[in-house]
Amino acid sequence: MPANGDLDPLEAFRNQVKEALEAALEAIGIDEEPVVLEKPPQGMGDLAFPCFQLARRLRRNPVDIAEAVASKIAAQGMIDSVKAKGGYVNLNVNSESLARAAISQALSAKDRFGAGSAKGVRVLLEHTSVNPTGPIHIGRARNPIIGDTLARIMRKAGYDVVTEFYVNDVGRQVATMTWGAKNLTINEKPERDKGDHRYVPFYREAHRRCDEEPEVLEEVDALLYKLEHGDSEAVGMNRRISETVLEGMMESLHQINIRIDGFTWESRLVEDGSVDKVISKLKLSDFCRESEGAHHLELESFGITGRDTRWVFTRSDGTSLYTTRDLAYHLDKFTRSDVAINVLGEDQKLGMQQLAAALEIIGSDRKPETVFYAFVSLPEGRMSTRKGTVVSLDDLIDEAIERAYEEVRKRRTDLTEKRMKEIARIVGLGALRYNIARIQAEKQIVFKWEEALNFEGSSAPFLQYAHARACSILRKSGSRLREDSAEICSRKLVNHHERELIKLVAALPSVVGECADTRRVHALAAYGQDLAGQFNQFYRYVPVLKAEGDTRDARLALVEASKWALRNTLDCLGLEAPEEM
RNA sequence: GGGCGCGUGGCCUAGCUGGAUAUGGCACUUGCCUCCUAAGCAAGCAGUCAAGGGUUCGAAUCCCUUCGCGCCCGCCA
């Protein structure tokens, strides 16, 4: 039994099935066969044990084996029935005990329903970490959404999660921006009056001047050198500007319900000497080479391939590079966590491979885990700051709320303006997050407004609507849930719609645990859709308020349990659960 | 030149530790509001799972080749 077995009704069933299968296999003389279970297609049961592997090993017909195994399993506990079919042993869960377990847990755990027990594992989850030079655009917006959703899911599953943003305030890009802010006079107004947009015109112009005027480039280099050698004036100014930009970016993230627990400033790692320490260690390595004053590691033997297998970690003037500092950062992270996870764009894959090799070379036994995501592009191609084809997260947020407001107005005439605006915000921002979270991270996304702000079908409003419907029933019921809710549910909820809904509600803890362990956010979005869809069917076919006696009370309890399952799923996805819409 | 990832009905997508008729959604056609909010429900239409070969009793899933798309191979971050 896993630590949280008592909290997970489906897990309990799975364990009973495993035990029963092991005993049955032993009874027909088969030892040490790993029991692998799968989910059969609709209508064939709840769990299946395929006998084909076994058939090959024993040189026996899988159909016969399945029948022999099935005949040795008795219906008991949560196992309701066992049938052999075409080489599979299909098992059905006992609806009464599942209802009892799931309903009682959902009703008592409430907003904790779905949670796994504390694992005592410290997770440091780094996400977003974009350069503080300008606003976040949607090409990168997957990062905070995937990162925050994963953090929420892992927290729910019982990990101790701290999210962190690594602020790159040392490199050339930031130095370029700071140089621009200090030396240029620009009348062009930024797109928005917001910290992250403020220095964009300066940054853009400074960049252009660097390309065209060598002496500007030299000045930026000089500033970079000062920054890395602790010149207090340069460091102070750079820090102020970075902070302003960072604050603007955080405002945007707060709007989509994302808050980051901690920040590590890259400059700190330079100041406190940890970068120098890493550099000294690297220089002692057998893989280190020097060329014209710059140092690099020769990583060919670490499976790094391509035109260049060198990994440079100091420039000729002795200053460090981004990845060198990132190496120091990872060593720091390891002291504060048991598991370090990075959410990164797929362009960082080689960099992470090199980092892993460098970690090995300096004798670290730890490596970060990485969730890579592919970039979001526009129908006309890649987003480009220079071509001016970027869509900022701020634009997306505004558009989402605006479109949602139109939808609310179409449907509701009875609400106050304030209430409509509030619902529009919840629904619009939900749609935005859901549409990013629902897609497997490694798949490319071509951004289209009508998809990103979809309000029906596979979308946040679909889930939120089911939740609002549940709330509406509960609000109108005028009665309190009974103490013996779980018991009457197990007796009275007998029709197909009720039972299928219970199965999905019962699955929440397993789904959360699975998503957390595999670090896959999109699977929870898919579960949410199934759950909401099943609730909507129930809503359509099973009257609650018009039912009578125990049946009414049992159905009300199921609505309440469903409400918690929906709400907690929404919460893990970072979406708000409106009580009306 | 090399490496990594992706390629599933007109469009988006799940499944990818090999297994029973390939999951949902959008769009389209057709029903359902005197009934707990129709942002919903039901039915229909629609698939050579990029192509070819191989392994296997069995391949969307594993292996090889090819094609297409993305990303990377900086003393940038």
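To find a chain, count down the sequence lines: A is the first, B the second, and so on, and within it residues start at 1. Heavy-atom basis, side chains included; hydrogens, waters and symmetry copies ignored.
- Between A:Gln440 and the phosphate of B:G15, there is a side-chain N or O to OP1/OP2 separation shorter than 4.0 Å.
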Close N/O contacts between protein and nucleotides 32-41 of chain B (under 3.5 Å):
| from | atom 1 | to | atom 2 | distance (Å) |
| --- | --- | --- | --- | --- |
| B:C36 | O3' | A:Lys476 | NZ | 3.1 |
| B:C36 | O2 | A:Leu545 | N | 3.1 |
| B:C36 | N3 | A:Val544 | N | 3.2 |
| B:C36 | N4 | A:Tyr539 | O | 2.3 |
| B:C36 | N4 | A:Val542 | O | 2.6 |
| B:U37 | OP1 | A:Ser472 | OG | 2.1 |
| B:U37 | OP2 | A:Lys476 | NZ | 2.6 |
| B:U37 | O5' | A:Tyr539 | OH | 3.1 |
| B:U37 | O2' | A:Tyr465 | OH | 2.4 |
| B:U37 | O2 | A:Met581 | O | 3.4 |
| B:U37 | N3 | A:Met581 | O | 2.8 |
| B:U37 | O4 | A:Met581 | N | 2.6 |
| B:A38 | OP2 | A:Arg469 | NH2 | 2.4 |
| B:A39 | OP1 | A:Tyr465 | OH | 3.2 |
| B:A39 | OP2 | A:Arg411 | NH1 | 2.8 |
| B:A39 | O4' | A:Arg411 | NH1 | 2.6 |
| B:G40 | OP1 | A:Gly457 | N | 3.2 |
| B:G40 | O3' | A:Asn536 | ND2 | 3.2 |
| B:G40 | O2' | A:Arg469 | NH1 | 2.7 |
| B:C41 | O2' | A:Tyr541 | OH | 3.0 |

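- There is a side-chain donor-acceptor pair under 3.5 Å between A:Thr319 and A:Asp317.
- In this model, the phosphate group of B:C57 is not approached by any side-chain N or O of A:Arg59 to a distance below 4.0 Å at OP1 or OP2.
- Aromatic pair A:Tyr434/A:Phe462: ring centres not closer than 6.0 Å.
- Salt bridge absent: A:Glu406 and A:Lys410 never bring a charged side-chain N and a carboxylate O closer than 4.0 Å.
- Contact of A:Arg307 with B:G2 (side chain to base): no donor-acceptor pair of N or O atoms is detected under 3.5 Å.
- For A:His497 and A:Phe538, the distance between ring centers is not under 6.0 angstrom.
- Residue A:Glu442 places its side chain closer to B:G5 than to any other of B:G5, B:C73, B:A77.
- Across the protein-nucleic acid pair, A:Leu344 atom CG and B:C72 atom P stand 14 Å apart, rounded to whole Å.
- Judged by the 6.0 Å distance and 45° axis criteria, A:Arg142 is not positioned over the aromatic ring of A:Tyr373.
- Scanning both residues, A:Glu38 and A:Pro50, for their nearest heavy atoms gives OE1-CG, 3.3 Å.
- Using modelled atom types and a 3.5 Å distance limit, the side chains of A:Lys448 and A:Asn454 yield no donor-acceptor pair.
- Side-chain atoms of A:Asp169 and base atoms of B:A77 include no donor and acceptor less than 3.5 Å apart.
- Residues of residues 315-322 of chain A having a heavy atom closer than 4.0 Å to RNA chain B, listed by number: A:Arg315, A:Ser316, A:Leu321, A:Tyr322.
- Phosphate contact (OP1/OP2 of B:C76, side-chain N/O of A:His207, threshold under 4.0 Å): absent.
- Classified by its glycosidic torsion, B:C33 falls in the syn category, the angle being within 90° of 0.
- Between A:Lys349 atom NZ and B:G70 atom C1' there is a gap of 10 Å when expressed in whole angstrom units.
- Between A:Lys443 and B:A14, a side-chain N or O to OP1/OP2 separation shorter than 4.0 Å is present.
- Remark: A:Arg140 engages A:Asp347 in a salt bridge, criterion side-chain N to carboxylate O under 4.0 Å.
- Considering only the side chain of A:Leu350, B:C73 comes nearest among B:U21, B:C12, B:C73.
- Comparing A:Met44 and A:Gly171 by the nucleotide of RNA chain B whose heavy atom lies nearest to each, the residue mapping closer to the 5' end is A:Met44.
- With hydrogens and angles ignored, no donor-acceptor pair under 3.5 angstrom links the side chain of A:Arg438 to the base of B:G25.
- Under the salt bridge (charged side-chain N to carboxylate O under 4.0 Å, His left out) test applied with A:Glu580, the options A:Arg469, A:Arg411, A:Arg419, A:Lys476 reduce to a single match, A:Arg419.
- Taking only side-chain atoms of A:Arg56, from C-beta outward, the nucleotide of B:U56, B:C72, B:C76 with the closest atom is B:U56.
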